[in-house]
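Have a look at the structure below before the remarks.
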Amino acid sequence: MGTTVTHAPAMEGLSQDSEPRHGPVKPERPAALKRRRRRENLAGYLFMSPWIAGFLLLTAGPMVASLYFAFTDYNLFDAPKWIGFDNFSEMFGDPRWRHSVQVTLWYVVVGTPLKLLAALGVALLLAQKRRGQAFYRAAFYAPSLIGASVSVAIVWKAIFSDDAIVDRTQKIFGIDVGGWTGDPDMIIYSLVALTVWQFGAPMVIFLAGLKQVPRELYEAAEVDGAGKLRRFWNITLPMISPVLFFNVLLETIHSFQIFSSAYIVGGGAGGNACGPADGSMVYTCYLYVQGFENSRMGLASAMAWMLLVAVALVTAVLFWSQKRWVHYEEGAR
């Protein structure tokens, strides 16, 4: 007895290439597409409006105003009077301004490399697996979070003052130079020590870069007989050179902007605002004195724009020099 296999009847008019029952999807008309895109753009600008308003009112607006004030005689109380380039002429002829430029350049040239050396050295130690690694990373990073505060600057001034911890420690080794903050020649070294103490932020960045270096390179170099110093110079430094460039750029800009620590350690408001005999007279400290203590906001605005131009030139030089010593992966530049 045979069985008959019946198949479900195929649906007429339906195939893989046939259109759906509701018909082909019609493309959106250009006018409707423009309206939809306009609505999406409007929603995006609405979400961005708080940032745009803040940028225009708190950043772009004051910058344009300060550029105008740089060419005026403005004392915060009377209407500004246009004087052209007189502020710049007076600034270049001011011996205290030239002294502030020298102090700032010395601070940048000495403090920035020492800070980066400390950050790289500690990062190399923390890159190795050891017990309590998370604790050490947090402990070394903490000064970067609190180092720029006024309270730390006050404590730092007390540590380096006469007959304080640093002074007494020096006397144990037969060094009797007194407190650093009261000495015009030594106070700048206390500021350098403070910035070196805040090496946590570049340390974390160096640590992230060291983690990206392939271990196979070290193993191959070790097989070839390369020592630790040679492996560091020929493998580690070239591989982390983009991270090194980023840290150099960032810390250099930050060094030019030093103010709060120099102002507090130097003595604060008054005739000694920038340290004894202007020993801690960094550029921004003198700018503050001219703008807010002497009420010469026009001259202070001119000084601010000169600082912006100087930082821009230094940044351009760093970007130009990176072609010679920064090594990127193929196609990563």
Side-chain angles (χ1 to χ4, degrees), residues 51 55-56 58-71 84-85 87-94 97-120 144 148 188 191-192 195-196 198-199 201-206 208-209 237-262 281-288 290-291 298-333:
W51 181 89
F55 174 76
L56 294 177
L58 302 178
T59 303
M63 285 184 65
V64 174
S66 69
L67 181 60
Y68 168 72
F69 292 146
F71 298 93
F85 289 91
N87 284 327
F88 294 93
S89 300
E90 179 182 352
M91 178 175 59
F92 294 141
D94 184 2
W97 179 83
R98 293 196 296 269
H99 176 70
S100 69
V101 173
Q102 294 174 0
V103 173
T104 304
L105 290 177
W106 191 94
Y107 176 83
V108 172
V109 172
V110 176
T112 302
L114 290 178
K115 183 178 183 178
L116 293 178
L117 284 174
L120 180 57
S144 294
I188 190 65
L191 298 179
V192 171
T195 191
V196 173
Q198 305 170 36
F199 64 82
M203 177 204 71
V204 171
I205 299 174
F206 276 133
L237 277 183
M239 292 299 295
I240 67 169
S241 57
V243 175
L244 178 60
F245 170 73
F246 177 80
N247 273 335
V248 169
L249 180 64
L250 207 62
E251 295 303 326
T252 301
I253 295 175
H254 286 170
S255 296
F256 274 105
Q257 296 174 337
I258 176 180
F259 170 70
S260 60
S261 58
M281 174 78 82
V282 293
Y283 194 93
T284 53
C285 189
Y286 190 46
L287 187 154
Y288 176 86
Q290 291 287 16
L299 179 59
S301 298
M303 292 177 61
W305 277 93
M306 283 302 302
L307 177 62
L308 176 64
V309 171
V311 172
L313 290 176
V314 171
T315 303
V317 171
L318 288 175
F319 271 101
W320 171 79
S321 67
Q322 70 164 336
K323 300 177 182 179
R324 302 176 180 271
W325 59 277
V326 180
H327 305 279
Y328 293 96
E329 294 182 3
E330 188 67 25
R333 186 182 293 272

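This structure is a prediction, so every number in the text was calculated from the model and none was measured.
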For the student: nearest non-hydrogen atoms of Leu116 and Glu251, plus distance: CD2-CG, 3.8 Å

Side chain proximity check, Met306 to Tyr283, heavy atoms < 4.5 angstrom: yes

Side-chain heavy-atom pair Trp305, Met63 within 4.5 angstrom cut-off: yes

Heavy-atom pair with the smallest gap, counting every atom of Pro242 and Pro238: CD-O, 4.2 Å

Criterion side-chain contact (heavy atoms from CB on, under 4.5 Å) on Leu287 and Phe259, from CA distance to verdict: CA-CA 10 Å; Leu287 187 154; Phe259 170 70; over 6 Å; no

Reported NZ-to-NE2 distance for the pair Lys115 and His254, which is rounded to 0.5 angstrom: 8.0 Å

OH-CD1 distance between Tyr107 and Ile258, expressed to the nearest 0.5 angstrom: 3.5 Å

For the student: nearest non-hydrogen atoms of Ser301 and Ala70, plus distance: CB-N, 3.8 Å

side-chain contact (heavy atoms from CB on, under 4.5 Å) evaluation trace for Thr104 with Leu307: CA-CA 11 Å; Thr104 304; Leu307 177 62; 5.9 Å; no

Side chains of Met91 and Tyr286 in contact at under 4.5 Å (non-hydrogen atoms): no

Minimal non-hydrogen separation, Phe69 against Asn87, with atom names: O-ND2, 3.9 Å

Minimum heavy-atom distance Gly291-Ala300, with the two atoms named: CA-CB, 3.6 Å

Verdict with reasoning, Thr284 to Phe256, per side-chain contact (heavy atoms from CB on, under 4.5 Å): CA-CA 8 Å; Thr284 53; Phe256 274 105; over 6 Å; no

Enclosure of Phe85 CZ (heavy-atom neighbours >12, cutoff 6.0 Å): no

Rounded distance (nearest 0.5 Å) linking atom CG of Leu244 with atom CG of Leu249: 11.0 Å

Ser100 side chain to Val282 backbone, donor-acceptor under 3.5 Å: no

Any Leu120 side-chain heavy atom under 4.5 Å of Asn247 side chain: no

Main-chain N/O of Val108 paired with Ser255 side-chain donor or acceptor, under 3.5 Å: no

Ring centre gap for Phe71 and Phe88 strictly below 6.0 Å: yes

Smallest separation among heavy atoms of Asp94 and Gln290, with atom names: OD2-NE2, 3.9 Å

Heavy-atom donor-acceptor pair, Ser241 side chain to His327 backbone, under 3.5 Å: yes

Side chains of residues 309-320: which donor-acceptor pairs under 3.5 Å do they make with residues two or more places apart or in other chains?
from	atom 1	to	atom 2	distance (Å)
Thr315	OG1	Val311	O	2.7

Beyond-backbone contact of Tyr328 with Phe245, side-chain heavy atoms, under 4.5 angstrom: yes

